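Note that the structure is predicted; figures quoted are calculated from it, not measured.
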Amino acid sequence: MMAGFKATYDCIKQFSETDFTEDLKKFDVPALFMHGEDDQVVPVNNSAVLASKLVEGSVLKIYPAFRTVCVRSTTRGSIRTC
């Protein structure tokens with residue numbers, strides 16, 4: 001993946017400074033949180049673990065040895081990791 005310096009900086013600044021706590025508390029549908037255990041940019045304990053605790057009845061799936069978890073939908077509507 002390629003991106004310009006300013007765009008990359010702005011992206012990291014935005015997602016690192018945005019607090020989604022109140023939004024997550026409002027979830028009233030099933031939620032699945034997936035995260036790579038070896039993510040060096042967004043550590044799992046600082047993100048998905050905390051987020052999953054805020055959403056009642058959510059499921060947390062941590063993938064060992066994965067960095068960023070890539071998810072895509074297939075033409076049949078199922079979800080695959082890549």
Side-chain angles (χ1 to χ4, degrees):
M1 177 174 24
M2 296 177 61
F5 176 76
K6 178 157 179 18
T8 302
Y9 175 82
D10 289 345
C11 178
I12 292 169
K13 183 177 186 322
Q14 185 65 38
F15 79 68
S16 68
E17 294 178 1
T18 303
D19 183 0
F20 293 105
T21 301
E22 295 307 314
D23 295 315
L24 290 166
K25 288 178 181 179
K26 294 177 185 175
F27 272 49
D28 60 359
V29 296
L32 171 63
F33 292 91
M34 299 187 313
H35 205 102
E37 182 180 58
D38 194 32
D39 191 326
Q40 302 295 306
V41 176
V42 182
V44 67
N45 289 327
N46 296 343
S47 55
V49 171
L50 297 176
S52 67
K53 291 178 181 178
L54 293 172
V55 178
E56 187 175 330
S58 66
V59 174
L60 172 61
K61 177 68 178 166
I62 299 174
Y63 291 89
F66 273 65
R67 291 192 173 116
T68 300
V69 174
C70 170
V71 178
R72 64 186 173 107
S73 296
T74 66
T75 54
R76 295 182 184 168
S78 61
I79 297 175
R80 294 181 44 182
T81 59
C82 48

Any chain of hydrophobic side-chain contacts (each under 4.5 Å) joining [X] to [Y]?
X: Leu54; Y: Phe27; answer: yes
X: Ile12; Y: Val42; answer: yes
X: Phe66; Y: Leu32; answer: yes

Point-to-point distance, once rounded to the nearest 0.5 Å, from CE of Met34 to CG of Leu60: 10.5 Å
From CG (Asn45) to CG (Leu50), nearest 0.5 Å: 7.5 Å
Quick check: does any side chain N or O of [X] sit under 3.5 Å from a backbone N or O of [Y], one acting as donor and the other as acceptor?
X: Ser52; Y: Ser58; answer: no
X: Glu22; Y: Phe20; answer: no
X: His35; Y: Val49; answer: no

Close side-chain approach of Thr8 and Phe5, heavy atoms under 4.5 Å: no
Heavy-atom closest contact (Thr21 atom, Asp19 atom, distance): OG1-OD1, 2.5 Å
